[in-house]
Amino acid sequence: MQVASQQPLIKRLVVVGLGLIGSSFAKGVREAGLAEEVIGVDLNEQSCQRAVELGIVDRCSTQLLETCRDVDVLMLAVPVLALSKLLKSLAPLDLSQTIITDAGSVKGHLLKAAQEAYGYLPKRLVPGHPIAGSERSGVEAANADLFKHHKVILTPHAATDPEALQCIQALWQGLGADVESMSVEQHDLVLAATSHLPHLLAFGLVDSLAKRSENLEIFRYAAGGFRDFTRIAGSDPLMWHDIFLANREAVLQQLDQFRGDLDALRNAIAEGDGHHLLGVFTRARAAREHFSTILAQRAYVENMLDNDLIFLAKPGGRVNGTIRVPGDKSISHRTIMLGSLAEGVTEVDGFLEGEDALATIQAFRDMGVVIEGPVDGRVVIHGVGLHGLQAPPGPIYVGNSGTTMRLLSGILAAQSFDSILTGDASLSKRPMNRVAKPLRDMGAVIETAAEGRPPMTIRGGQRLTGMHYEMPMASAQVKSCLLLAGLYAGGETAVTEPAPTRDHTERMLRGFGYPVEVHGATAKLESNHKLTGTRIEVPADISSAAFFMVAASIAEDSELVLEHVGINPTRTGVIDILRLMGADLSLERVREVGGELVADIRVRSAKLKGIDIPLELVPLAIDEFPVLFIAAACAEGRTVLRGAEELRVKESDRIQVMVDGLTTLGINAKGTPDGIIIEGGQMGGGEVWAHGDHRIAMSFSVAALRANAPIRIHDSVHVATSFPNFLALCKQVGMRVEPEGQV
Ligand code: S3P
């Protein structure tokens with residue numbers, strides 16, 4: 001029965017070839033009412049009959065030429081090599097008003113066949129390829145939903161009529177497919193790598209094992225791995241025979257490259273080179289996980305930014321319990337960087353498995369460093385020494401992570417190879433001249449996009465010279481970048497900061513046995529020393545703990561213990577500021593772990609009051625201001641922040657974005673060029689925007705504890721960059737924040 005759910009887009013569709021794809025397309029178009037009439041053509045009379053019986057087509061014929069009259073769209077769903085003959089037999093017909101499309105896996109071959117048949121490329125030819133299928137075949141397997149949420153790649157040629165392209169696009173979209181377009185050449189190369197090569201390997205492996213005399217034995221013991229790897233060897237042999245012959249050049253190119261890699265694996269096994277094996281396996285595992293998230297559309301890749309993840313924070317609640325927030329982001333980045341440049345192995349526990357820190361791992365893997373994990377916060381880095389990094393295969397993508405880009409640029413400026421650093425849309429707006437300029441003064445060759453924005457293109461093979469740099473702004477990223485460049489620069493590199501900033505780089509360099517001198521505001525080192533692998537325990541991140549410090553302070557009847565929090569004196573501005581506001585915070589079990597102070601922090605509800613935030617505390621609480629503004633909104637009286645213009649160039653303009661959100665919630669908040677003025681008051685609910693900034697999304701989640709209506713926080717996807725289990729911990733302590741749709 002036909003259940004038309006859409007307006008017909010065309011009058012008559014003819015589908016030639018009623019295999020799985022052809023009959024599924026016909027059935028889908030017919031059921032959705034996208035064509036007034038759907039006609040099938042198949043050489044097999046029985047298939048024709050079944051197709052009508054099963055409601056796949058309105059009618060069906062074995063006679064191609066007779067059927068192809070007054071056709072709006074002609075879908076050629078035959079095996080790839082049959083296309084050539086088919087197009088030749090169609091060529092004498094007047095099909096000038098007909099759009100011809102196909103569903104084959106090879107596009108270059110189709111264009112060649114069309115060129116041969118017509119002597120030119122018909123304007124109404126729209127090559128297409130649905131990335132969907134099943135091991136089942138024929139009309140009996142027809143499935144109107146086969147293409148739903150699957151990709152269809154269209155590869156228009158230079159003269160393809162835009163109207164024809166649009167019509168085919170609309171038909172596929174009507175079947176629920178995601179339509180993309182790319183060039184014919186790119187399509188054939190990409191598919192050779194991602195589809196054709198794996199099929200070749202699966203067919204080849206099964207045959208190779210099956211033809212051995214002991215095959216019965218082998219197959220009897222072939223369990224999960226064999227089954228998973230060879231599932232696709234059950235595909236249609238004729239169809240795949242056609243694909244390999246039609247896409248010869250691209251497949252050979254991919255196959256030869258893979259043979260090289262396979263030989264390298266063989267050599268590694270033969271020579272007992274476990275390092276090579278571990279490198280391949282750890283990289284593959286990470287890549288596979290990354291692909292899985294892309295396939296599930298959960299990755300941090302750029303197009304994710306289009307997906308608006310909304311947090312819905314319900315008003316009220318208490319905050320109680322004992323939790324440990326994830327590892328420190330700044331320290332986690334540095335363990336990978338210094339561990340990679342060290343000689344020997346570095347073992348890390350408590351590593352932050354957030355996307356920013358994972359981006360740093362990926363960057364060093366791209367440069368040949370073998371890094372195991374992270375598994376439950378444990379990472380093992382097989383250091384390559386200061387001069388052991390290799391050229392990355394392409395641009396290094398660091399996602400949302402400003403720390404990765406700025407610190408890495410210092411290391412890359414001194415390498416023998418060229419490199420390019422790129423980031424996501426938010427990072428691409430952030431200033432890089434603050435590192436590019438002093439690095440150039442040391443002899444680096446660096447280009448940026450307009451106004452010093454990423455990407456950064458760094459030329460290798462430069463000799464850097466140490467210098468004494470007076471930083472114009474209080475930035476630990478700039479200081480760290482220059483100290484890292486200083487590991488390679490001739491002579492001495494010294495950096496003086498205008499106010500104290502986090503000193504994890506200096507501390508950790510020493511932990512790796514590298515001498516660093518610190519006198520007052522100046523940190524200084526010389527090249528020609530080495531780093532030696534070590535063990536590091538990363539404390540919980542005080543910047544993540546800050547959300548819960550404010551939460552337990554502002555919510556009634558609350559008492560929360562935050563365990564094992566890093567309280568490095570260059571990071572504790574948030575504690576000092578909250579105490580000045582009247583918060584009840586106590587530090588318990590203060591101890592030193594691996595050169596960093598840690599403590600358990602007990603927080604009880606308190607009545608907060610507005611304050612003038614002391615200037616000297618600003619750099620020591622730089623990442624915690626968004627949530628401190630929430631504390632200020634809940635405090636009695638006025639809070640004034642000055643000297644914090646840096647907040648305008650973080651993952652978002654944190655002053656403007658917080659002013660906008662607080663104003664929406666009914667709080668009197670005013671931005672100034674270098675700070676904010678907030679009058680405490682009663683918060684209402686409403687719609688606020690995090691602008692893809694993790695700390696803004698988490699701050700407004702905390703605000704709901706004192707709001708009198710729900711707060712919907714748009715653009716919250718980036719919380720995973722620094723605090724992947726934020727929502728789970730919220731739930732654990734009694735806060736009611738959930739992604740919308742799962743409430
Ligand atoms: C960081 C330094 C700070 C901070 C950032 C991490 C670091 O940036 O905001 O989240 O790890 O060095 P600036 O140095 O730019 O202030």
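Remember, it's 1-based here, ligands and their atoms both numbered in the order they're listed. Computed from a predicted model, the values in this text were never measured in an experiment.
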Below 4.0 angstrom from a heavy atom of [X], which ligand 1 atoms are there? Numbered from 1 as shown, please.
{"X": "Ile622", "result": "9 (O)"}
{"X": "Lys650", "result": "3 (C), 4 (C), 8 (O), 9 (O), 13 (P), 15 (O), 16 (O)"}
{"X": "Thr403", "result": "6 (C), 7 (C), 11 (O)"}
{"X": "Ala476", "result": "12 (O), 14 (O)"}
{"X": "Ser330", "result": "1 (C), 6 (C), 7 (C), 11 (O)"}

Parallel under 30°, tilted from 30 to 60°, perpendicular over 60°: which one fits the rings of Phe723 and Phe547?
->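 Tilted.
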Do the rings of Phe726 and Phe311 sit parallel, tilted or perpendicular, given the 30° and 60° boundaries?
-> parallel
Output yes when a side-chain donor or acceptor of Ser428 lies under 3.5 Å from a complementary backbone atom of Gly423, and no otherwise.
->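 Yes.
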May I ask you to decide if Lys329's main-chain N or O and Asp541's side chain share a donor-acceptor pair within less than 3.5 Å?
-> yes
Under 4.0 Å from ligand 1, counting heavy atoms only, is it the side chain of His333, its backbone, both or neither?
->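 Within the 4.0 Å criterion, His333 makes no contact with ligand 1.
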Between Val603, Val574, Leu562, Asp576, which is the residue that forms a side chain to side chain contact (heavy atoms under 4.5 Å, CB included) with Leu585?
->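 When side chain to side chain contact (heavy atoms under 4.5 Å, CB included) is applied between Leu585 and each of Val603, Val574, Leu562, Asp576, only Val603 qualifies.
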So, taking the atom named [atom1] in [X] and the one named [atom2] in [Y], what distance separates them when rounded to the nearest 0.5 Å?
{"X": "Leu408", "Y": "Thr403", "atom1": "CG", "atom2": "OG1", "value": "11.5 Å"}
{"X": "Leu525", "Y": "Thr493", "atom1": "CG", "atom2": "OG1", "value": "6.0 Å"}
{"X": "Leu341", "Y": "Ile411", "atom1": "CG", "atom2": "CD1", "value": "4.5 Å"}

Given Arg406, Arg334, Lys479, which has its nearest heavy atom closest to atom 12 (O) of ligand 1?
->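 Shortest heavy-atom distance from atom 12 (O) of ligand 1: Arg334.
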N or O pair under 3.5 Å between [X] and ligand 1:
{"X": "Glu646", "value": "no"}
{"X": "Arg502", "value": "no"}
{"X": "Asp623", "value": "yes"}

Nearest to atom 2 (C) of ligand 1, what protein heavy atom do you find, and at what distance?
-> Gln477 CG, 3.5 Å
Contact with ligand 1 for His504, non-hydrogen, under 4.0 angstrom |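 So His504 does not count as touching ligand 1.
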